[in-house]
Student: 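Mind having a look at this structure? Questions to follow.
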There are 2 protein chains.
Amino acid sequence: MGQKNTLFTVSEQTGYSVSTVSRVLSGKARKYRISREAEEKITAEAERLNYQPNLIAQTLRTQQSKTIGLLIPSVDNPFFATLSGIIIGILNAKGYHTLLADSRESGKDEVQELRMFMSRSVDGIICIPASSTPEFHEQVSSQIPLVLIDRHFKSTSLSYVCTDNYAGARMATEYLLGKGYKSILAIQGVPDSMPNRERVRGFKDAIGVHGVAFSVVGDAFSVENGKREVLSAFSGAQKQFDAIFAFSSTILLGAIDSLRRLGLRPGKDVGIISYDNNGFLDFMDPAVTRVEQPLREAGQIAVDTLFEIMDARRAGRPDPPSRQILIPPTLVVRGSC
Amino acid sequence: MGQKNTLFTVSEQTGYSVSTVSRVLSGKARKYRISREAEEKITAEAERLNYQPNLIAQTLRTQQSKTIGLLIPSVDNPFFATLSGIIIGILNAKGYHTLLADSRESGKDEVQELRMFMSRSVDGIICIPASSTPEFHEQVSSQIPLVLIDRHFKSTSLSYVCTDNYAGARMATEYLLGKGYKSILAIQGVPDSMPNRERVRGFKDAIGVHGVAFSVVGDAFSVENGKREVLSAFSGAQKQFDAIFAFSSTILLGAIDSLRRLGLRPGKDVGIISYDNNGFLDFMDPAVTRVEQPLREAGQIAVDTLFEIMDARRAGRPDPPSRQILIPPTLVVRGSC
DNA sequence: AAGGATAGCACAATCGTTTGCGCAAAACTT
DNA sequence: AAGTTTTGCGCAAACGATTGTGCTATCCTT
């Protein structure tokens with residue numbers, strides 16, 4: 001049942017042509033002056049056959065797939081997973097479906113996946129970019145509405161909605177400094193990504209004013225990276241730090257793990273502050289002071305922006321002015337520093 | 001660039017017919033005896049034009065979309081999100097893309113989404129079912145290869161790969177009992193779902209042997225549910241428990257939150273054990289003893305099983321024998337009980 | 001009763017690919 | 001030189017839907 005029945009089946013069973021059936025079933029009966037009688041017979045038969053339109057054929061014909069492509073740098077990262085979940089939920093509610101792809105933090109893979117989205121005629125794309133330059137995204141955007149989320153590019157007309165990572169990192173760092181910490185280790189994520197660069201900038205600017213010791217290390221938003229960097233920074237005759245700023249909760253976990261291995265108590269021997277929202281952070285030992293980002297709001301704005309572009313293009317209007325939004329994050333104070 | 005160029009464009013530019021171009025570009029040049037010369041010219045021109053096949057048209061014609069539908073009960077639940085991530089990763093590596101949908105734990109929505117998958121001509125479906133009966137899934141399965149994961153139905157020929165929830169819950173409960181706890185509160189998730197039922201059964205069977213006090217409450221795999229049930233079980237003149245078995249890590253968080261509100265120390269005043277893997281559980285206060293499920297293995301088996309069915313059907317062979325797998329979970333002992 | 005208006009529907013092209021079949025020219029046979 | 005085989009490619013149908021255009025009854029008008 002289901003997929004087997006096409007307009008043609010209904011057409012055969014009712015004696016009406018495929019075109020008439022199509023018009024009735026897509027709600028255009030009035031517009032095309034189809035008789036009540038025909039309308040009822042056709043609707044009844046479609047019901048009986050459990051007719052479902054073939055979205056593939058529909059897409060080919062109308063160039064509208066009711067599908068949005070969502071491209072993220074890593075499905076494994078809980079931060080991206082959470083954000084994806086939020087976006088998928090919003091899209092579902094709008095009757096859109098989501099094709100989810102993973103660029104594995106690789107610019108090459110990202111281009112691949114974007115090409116794929118185009119081949120699949122997605123109606124729009126939401127992307128957390130992995131590339132360091134916006135050229136390809138801009139090309140894509142000229143064909144398919146595209147908005148960036150979480151990460152953006154320096155000079156581009158692409159619309160984006162991110163959180164203010166500079167402000168967030170600066171706020172976190174100043175909080176640490178206010179607590180009297182004297183040497184701070186920042187463990188960063190993917191160095192080239194805009195949020196990371198902004199966080200580094202915020203961190204350094206905050207430090208700059210006070211002139212305490214610091215170091216920025218690391219290269220990935222992963223648990224492994226957190227482990228590795230803490231091990232190499234705290235073991236042996238290395239320089240020691242009295243506080244750590246983890247740029248993501250995954251990094252945080254790795255860092256804590258290594259601290260414990262080294263016999264250091266996170267939050268006591270070493271102050272801890274982190275980026276990212278995660279329900280678990282409140283239940284850790286100690287609960288982690290952190291910079292939270294309003295993800296739901298960001299997701300909503302991204303979707304809204306995307307749909308505005310889509311609507312405009314469909315109506316033949318010019319794109320709405322590029323919207324580049326930085327949402328302020330929040331410092332959530334707990335007991336880890 | 002990109003999407004605009006079709007076989008027809010390349011055909012026009014090279015002077016060869018659309019069919020020849022198609023055969024060359026889909027690697028069937030040899031099979032159809034296309035001359036080297038034609039092949040080279042066409043390939044070069046396609047390259048130059050940056051030709052990308054239109055997957056929608058391809059799907060319509062070949063009935064193969066290279067897309068798998070993944071249906072989960074809730075994108076918000078980190079457990080499902082993690083499992084989804086794993087599956088999407090595996091599929092990506094196989095060159096398949098994933099349409100991710102959310103049934104919101106509703107049988108109605110699930111049917112909707114499955115219909116949608118059929119309309120979209122997905123090549124296969126992986127599903128964590130929300131319905132209580134398998135009828136519709138079986139209907140779908142007769143049209144599109146489908147395997148269940150994490151949850152299954154009582155008597156069905158559908159293939160599934162789940163973890164042994166009975167064994168897991170029994171193991172956890174026996175561990176609690178071994179520790180001397182005398183009254184245990186089990187906070188369950190969605191009552192009708194098979195994993196939940198199995199866990200309840202494992203819990204009760206374990207209890208049965210020892211005859212200690214117990215209660216099974218709750219109705220959702222959510223933080224809220226955990227909060228609510230602990231509040232109502234521990235506040236006022238209510239019966240008190242000396243241990244809690246949370247059927248998911250989300251429930252666990254809620255439970256801990258309420259315990260703390262009530263001035264009870266999780267792991268000290270009340271023993272805690274949980275279901276679910278989650279990197280954060282090791283960093284909580286105290287680290288949580290839990291039943292972990294081998295998700296990566298489960299995902300891999302599900303995908304493999306799905307592809308075997310897909311291969312068989314494509315080759316016109318009968319479906320391979322239904323594969324119903326229960327993977328044993330692991331008890332990870334920490335300090336919370 | 002002849003003419004125009006309108007209602008009600010079907011024809012056929014189209015979206016971009018794939019593929020069975022067939023046809024012409026070249027190459028080979030005897 | 002006539003027939004046979006092979007080479008190299010194009011025609012056209014098909015996948016399932018949408019939609020501009022046009023055709024035929026019926027109806028109204030006078």
Side-chain angles (χ1 to χ4, degrees), chain A residues 2-43 46 49-67 115 118-123 143 314, chain B residues 2-43 46 49-66 118-123 143 314:
Chain A
Q3 187 67 331
K4 305 295 283 253
N5 294 320
T6 70
L7 286 183
F8 182 75
T9 323
V10 180
S11 158
E12 269 189 317
Q13 296 299 315
T14 55
Y16 290 99
S17 77
V18 168
S19 8
T20 303
V21 174
S22 166
R23 298 198 240 248
V24 168
L25 296 182
S26 53
K28 308 206 184 73
R30 286 285 77 74
K31 179 176 168 196
Y32 285 96
R33 301 178 319 214
I34 310 292
S35 65
R36 282 268 176 234
E37 188 196 347
E39 186 173 2
E40 279 162 19
K41 280 191 189 164
I42 290 174
T43 323
L49 291 176
N50 200 354
Y51 167 79
Q52 297 286 128
N54 181 318
L55 290 190
I56 296 294
Q58 222 162 238
T59 300
L60 182 59
R61 178 59 224 242
T62 63
Q63 313 288 12
Q64 270 213 66
S65 59
K66 286 275 188 182
T67 307
R115 283 231 170 81
M118 297 177 70
S119 294
R120 287 180 187 266
S121 304
V122 298
D123 293 341
Q143 307 245 150
R314 267 206 282 268
Chain B
Q3 188 67 327
K4 303 299 280 257
N5 295 321
T6 72
L7 287 183
F8 181 76
T9 323
V10 181
S11 159
E12 269 188 317
Q13 296 301 315
T14 57
Y16 289 99
S17 77
V18 167
S19 5
T20 302
V21 174
S22 166
R23 297 197 243 250
V24 167
L25 296 182
S26 53
K28 307 207 183 73
R30 287 285 75 76
K31 179 176 168 196
Y32 285 97
R33 302 179 318 215
I34 310 293
S35 65
R36 283 266 176 238
E37 189 196 346
E39 188 175 1
E40 279 161 17
K41 280 190 189 164
I42 291 174
T43 322
L49 292 175
N50 199 354
Y51 167 79
Q52 295 288 127
N54 180 319
L55 290 191
I56 294 296
Q58 222 161 240
T59 299
L60 182 59
R61 178 60 223 241
T62 62
Q63 313 288 11
Q64 270 211 66
S65 58
K66 287 276 189 180
M118 298 176 69
S119 295
R120 287 179 187 267
S121 303
V122 298
D123 293 341
Q143 306 246 150
R314 267 205 281 268

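Within every chain, numbering begins at 1; the chains are lettered A, B, ... in the order of the sequence lines, protein sequences first and strands thereafter. Keep in mind that the numbers below use all heavy atoms, side chains included, and drop hydrogens, waters and symmetry copies.
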Student: Contact between R30(A) and E39(A) at the side-chain level, heavy atoms closer than 4.5 Å - yes or no?
Tutor: yes

Student: Please report the distance, rounded to the nearest Å, between NZ in K4(B) and C1' in dG16(C).
Tutor: 14 Å

Student: Would T67(A) and R120(B) count as a side-chain hydrogen bond (donor to acceptor under 3.5 Å, both in side chains) here? Give the steps.
Tutor: CA-CA 10 Å; T67(A) 307; R120(B) 287 179 187 267; 2.5 Å; yes

Student: Could you walk me through whether Y51(B) and T9(B) pass side chain to side chain contact (heavy atoms under 4.5 Å, CB included), step by step?
Tutor: CA-CA 9 Å; Y51(B) 167 79; T9(B) 323; over 6 Å; no

Student: Are the charged groups of E40(A) and R36(A) less than 4.0 angstrom apart, N to O?
Tutor: no

Student: Considering only heavy atoms, which members of residues 32-40 of chain B lie under 4.0 Å from some atom of DNA chain C?
Tutor: Y32(B)

Student: Would you name the heavy atoms of Q13(A) and L49(A) that are closest together and state the gap between them?
Tutor: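 Nearest pair, atom of Q13(A) first, then L49(A): CG-CD1, 4.2 Å.
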
Student: Over how many whole Å does the gap from K28(A) atom NZ to dC9(C) atom P extend?
Tutor: 17 Å

Student: Look at the side-chain N and O atoms of S17(B) and state whether any lies under 4.0 Å from the OP1 or OP2 oxygen of dG10(D).
Tutor: yes

Student: Does T20(A) place a side-chain N or O at less than 4.0 Å from the phosphate oxygens OP1/OP2 of dC9(C)?
Tutor: no

Student: Do T43(B) and V24(B) have side chains that approach each other closer than 4.5 Å (heavy atoms only, starting at C-beta)?
Tutor: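 The answer is yes; the side chains approach within 4.5 Å.
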
Student: Select one nucleotide: of dG16(C), dT19(C), dC9(D), the one nearest the side-chain heavy atoms of Y16(B).
Tutor: dC9(D)

Student: Heavy atoms from C-beta onward define the side chain here; which of dA12(D), dT17(C), dC15(D) lies closest to that of S19(B)?
Tutor: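 Per side-chain heavy atoms of S19(B), the pick is dA12(D).
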
Student: In whole Å, I'd like the distance from the CD atom of Q63(A) to the C1' atom of dA17(D).
Tutor: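 Rounding to the nearest Å, CD of Q63(A) and C1' of dA17(D) are 12 Å apart.
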
Student: Take atom CG of N5(A) and atom P of dG16(D), then tell me their distance rounded to the nearest Å.
Tutor: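 Nearest whole value for this atom pair: 11 Å.
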
Student: Looking at dG16(C), dA10(C), dG16(D), which one has an atom nearest to any side-chain atom of N54(B)?
Tutor: dG16(C)

Student: Return the 5'-most residue of the pair V18(B), S26(A) with respect to DNA chain D, ranking by each residue's nearest nucleotide.
Tutor: V18(B)

Student: Tell me the interatomic distance from L60(A), atom CG, to dA17(D), atom P, rounded to whole angstroms.
Tutor: 12 Å

Student: Check whether the side chain of R23(A) and the base of dG20(D) form a donor-acceptor pair under 3.5 Å.
Tutor: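 Indeed there is one.
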
Student: Let me know the distance between CG of L7(A) and C1' of dC15(C), rounded to the nearest Å.
Tutor: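 That distance rounds to 15 Å.
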
Student: Can you tell me how far P of dT19(C) sits from CG of L25(B), to the nearest Å?
Tutor: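 It is 14 Å, rounded to the nearest whole Å.
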
Student: Whole Å only: how far is the CZ atom of R120(A) from the P atom of dG16(C)?
Tutor: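 Taking CZ of R120(A) and P of dG16(C), I get 17 Å after rounding.
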
Student: Where is the tightest heavy-atom contact between T59(A) and S65(A), given as atom of each residue plus distance?
Tutor: OG1-CA, 3.5 Å

Student: Could you check which of dT17(C), dT19(D), dG16(D) has an atom nearest any side-chain atom of Q58(B)?
Tutor: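 Nearest to the side-chain atoms of Q58(B), counting from C-beta on, is dT17(C).
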
Student: If you look at every strand shown and take non-hydrogen atoms under 4.0 Å, does T62(B) touch a base, only sugar-phosphate, or nothing?
Tutor: sugar-phosphate

